[in-house]
Structure formats: C-alpha cells, structure tokens
Amino acid sequence: MAWSYIVLLSALLGVSWCAEDWTFPPGFKFGAASASYQVEGGWNASDKGESIWDRFTHTRPQNIADGSNGDVACDSYNLWQTDIDNMKALGLHFYSEDGKRYYNDLIDGLLKEGIEPMVTLYHWDLPQTLQDLGGWTNPLIADWFADYARVAYSLFGDRVKLWLTINEPLIMCDYPFNSGLLAPGIFSPDHGTYLCNRHVLLAHAKAYRLYDEEFRDQCNGEVSIANHLLWYEAWTEDDEEIAELARQNMGGRYSHAIYSEEGGWPSSIEKVMEENSKKKGYCKSLLPAFTSDEIELIKGTYDYYALNYYTSRLVRPAKEGEELTVYPIGDIPDLKAKTGTRPEWTATNSSFIYVAPEGIRKQLVWLKKTYGDMKVAITENGAPDLGGLNDQGRIDYYREHLKQVLLAIKEDGINVTHYTAWTLMDNFEWAEGYSSKFGLYEVNFTDPLRTRTPRDSAAYYANIIKNNGLKADS
Ligand code: NOJ
C-alpha cells in the first residue's frame, strides 16, 4: 500500500497578538510527516507488491547518490511502536499493512497516545504492475485510484479524519518525466509530464467525490491534495509578469482546476502551451484539454489547501541562447525562464533548498489572493543537513518559517490551521539516498536496530508545541 503519514497533536494554549507575542491561535496543530517508502522498509514483506521506487532503486542504483534503496529504510514496518514513543516525546506523534494489520496497529497506536493520523493515500510509490500499464499516463488510473481510495476509506475512515489523496504532483510528474532520473525512470517531457498532471487531478477529484458520496456522512473527515509550491519571485521589478507565469506553471497547473472559481487549466499556461506545441510541430496542445464535465468534476474538490513549502527562486526571462537546466529544480524551459537565488538565501546541502523563510508567507498571501479565503494546512516544511545531533541550522529554519507563518496568520489574516515538520526522522531522500538528513531524530542506518536519537531540534520543536508558539527570545 502506498501511504504516508502526518501525525498531529493539538496545542492548547493561545493569547492575542502583539509584536513580542509569537504564540499561535488556540487550537493550532503541530505535527511531523513521513512517508511509506522513505521509512517503512519491508519492501517485500508479506503480500506487498513491488513499487516503482523498488524497481527504480534495484535496477538503477547509479541514479541514487549513495546507491542505496528503501528496502529496510528506518524499518518502521517493525519499529512503529518506537516511532510512536518518539512522537510522544516530542509532544506530537506517528504511523503504516501486511494487508491491513500494520496500518490498523499504527493508527490505533497513535490514537491511543492522543495523536491524530493524517493519511496521504499516494506518496510516489505506485505499484509496478500499474506502471507497466502506463501508470499516471493512463487515463484509467483515475478510476483505479478511486477504487483504492474506497478500500482505504472503508478500512480506516472510522478513525482517520484527515486525508490527503496525492502528495506533491509537481514532484511526481514534472521532475521524473522532465529528467528521466527519478522513478519511474521515463524521460517524456512533452507528453508524460502533462498526461500525469491531468490524470492526477482527475484521480484526486474522483477520490474526493467518492468520499462525499459514500463516506462523508458517517466519517465526517476532510480531504485535500498536497501541493509542493516554490515561491517564485521577480528577479528585477521588470520580471513580475514571468514570475506570475512561473507561479501559475508550478502551482496553478496543480491548483487552478481545484481551487479557482472557473476551474480547468490556468488560461496563461494554456496559452503558452498552445504556442509551444505549435512551434514543436504538434497539431494539438501538449497540455491535454479537460471536457466541461471534467472541469465540473474537479472544481471545488477540497476541504482545505495543503501546502508543502521548502524554498524560493528568483525568475527572469532567459536571454537569447542561454542554457536552461531542469534538474533537480531549476529553470523552466516551457516558459523560457531562468531561475536563481538571492545571496542572503543560504544554501543547504540539498541542491534545491535555499533558506528563504519569507517565501512561505508570500506563498500563503498569493494563495489567498488567487483562490480566496480557505483553511490552509502546512503539510511539510523542513531543511536538510549532513547529520549530527547539534542541528542549529534546522532550529533556525523552523524558527524563521514559523515566524513567517505567524505573520501570515496575524497580519495577513490567513487561516492556517496546521504546521507539519518534515520530518520525524532521517529517511530515504529519493535520489539523494540517505546522504541528506531532514530528521528531528537521527537514525543510525548502519545499526541493524536503526537506533533513533533526538537532535537538538527535537527538543526545540517539543518546546514550541508545549508553548503553542515561540518564546520572544527563541
Ligand atoms: C517533499 C516530499 O514529500 C518528501 O518525500 C521529501 O522527502 C521532502 N520533500 C524533502 O525533499
């Protein structure tokens, strides 16, 4: 089964806003996230089938920085009780089926500790058998996904009230198909990217409608889709137009159909894609059109906006003949756009994350301006390093981002209800293998017991949760 988990704990205190008051509103929830392939291991346990990341890492280890895979990962398949204990120590908590037993144990274990499970149905681990039938490029996947959602809702909907259908379509469609360097390892920038984009939106919508029709009355939960949004900022004041186009290309292509009043693709992107497709000699746009029934089906399929935010980019039009690179997260050839970073955005060991905390607030403001007032859950935010228990860089990252979230709540009136740290513990970071560490807990991957040790950031985050905010001096 292809799941990820975010576990939430309610923080109870709250006072009103003044300049020195960095407290969150009462009822604000803090959590930590993780994902099945990245932590569970048990890759061939019981009756589990092969996923696209199993196949990719086993056949193309050269595409993973340290040649590793998620066969054992953090062994959370066996060590889930330890994970729950660690979540409890943080003040929050956590999570995964040889068939349904494993997930039932996990969900029940979390609830026992007062930790709410937030479940993502799909976090990039498509069964290889479906990939062999075309995976996300096959339109039938929308119905397959809804069938799968029905199974999960039926089994766990009595206890799981927060659902995410699909995690980061941008990262599972654009980056793999534009580069061929991530699972499923297929290079198809013209077709794969946009077919995947279209079918993800349809799959999400069908799973959402199904919840409405068959589960909402008895289960009373909330469903959304998690989008990874980079904040694109104009490089110079003349570049505002291309910056907005970049936001529509990355965020709008996965949001407009769901959250806008008119639905469908963002019109600015439709126009660019028509022109590009014509220039490439295609008789139809590479951005496959929606029928009017499909537009209606997708529109409004959300109970909240789920935002994953990590970093920002500057953007400007590319100069004549300038080289554009797309991988890992780089320039945008379809828009002839060059991206860069500000000197004050400190680099991390990940080639894609530069520390740009103000971007999260700007992103939240853009979402409200573009799609109106809605509940927003920050479903991922975090920074990598190379390891070690003293992780002041991560503490600074969390503090500065949380401050910006608070400003968005208190100054911009944005209804942010949840904040989720990525991630509970070090895990398999896709093409970076185990070399990039994002964890509040360090994991010893050479120890067969996969020992978890809290970093300084774990104590820091636990305090934030306990105080429902930042202390004036922290
Ligand atoms: C977002 C993805 O959902 C997660 O799988 C990944 O590990 C983090 N970003 C960090 O890159």
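Ligands are counted one by one from 1 in listed order, and the atoms in each one are counted from 1 as well. All values below come from the heavy atoms of this structure, side chains included, with hydrogens, waters and symmetry mates left out.
- Asn308 is not listed as a side-chain neighbour of Asn381, based on a closest heavy-atom distance of 4.5 Å or more.
- Looking at Phe177 and Phe187, their side chains never come closer than 4.5 Å, going by heavy atoms from C-beta outward.
- A cation-pi arrangement, defined by a distance under 6.0 Å to the six-membered ring centre and an angle within 45 degrees of its axis, is absent between Lys48 and Trp43.
- Glu116 pairs with exactly one of Lys29, Arg159, Lys161 by the salt bridge (Lys or Arg N to Asp or Glu O under 4.0 Å) rule, that one being Lys29.
- Ligand 1 places these atoms under 4.0 Å from at least one heavy atom of Phe438: 10 (C), 11 (O).
- In plain terms, the two heavy atoms of Ile84 and Glu113 that are nearest each other are CG2-CG, 3.7 Å.
- Ligand 1 places these atoms under 4.0 Å from at least one heavy atom of His123: 2 (C), 3 (O), 4 (C), 5 (O).
- Residue-ligand proximity, Gln38 to ligand 1, at heavy-atom distances under 4.0 Å covers atoms 4 (C), 5 (O), 6 (C), 7 (O).
- With a 4.0 Å cut-off on non-hydrogen atoms, Asn167 touches ligand 1 through its side chain and not its backbone.
- Residues Leu364 and Leu307 meet the side-chain proximity criterion, which asks for heavy atoms closer than 4.5 Å.
- Only side-chain heavy atoms of Tyr310 come within less than 4.0 Å of ligand 1; its backbone N, CA, C and O stay farther off.
- Counting the atoms of ligand 1 from 1 in the order shown, those under 4.0 Å from a heavy atom of Glu168 are 1 (C), 2 (C), 3 (O).
- Atoms of ligand 1 lying under 4.0 Å from at least one heavy atom of Glu380, given by number and element, are 1 (C), 2 (C), 3 (O), 4 (C), 8 (C), 9 (N).
- For Glu429, every heavy-atom contact with ligand 1 shorter than 4.0 Å involves the side chain, none the backbone.
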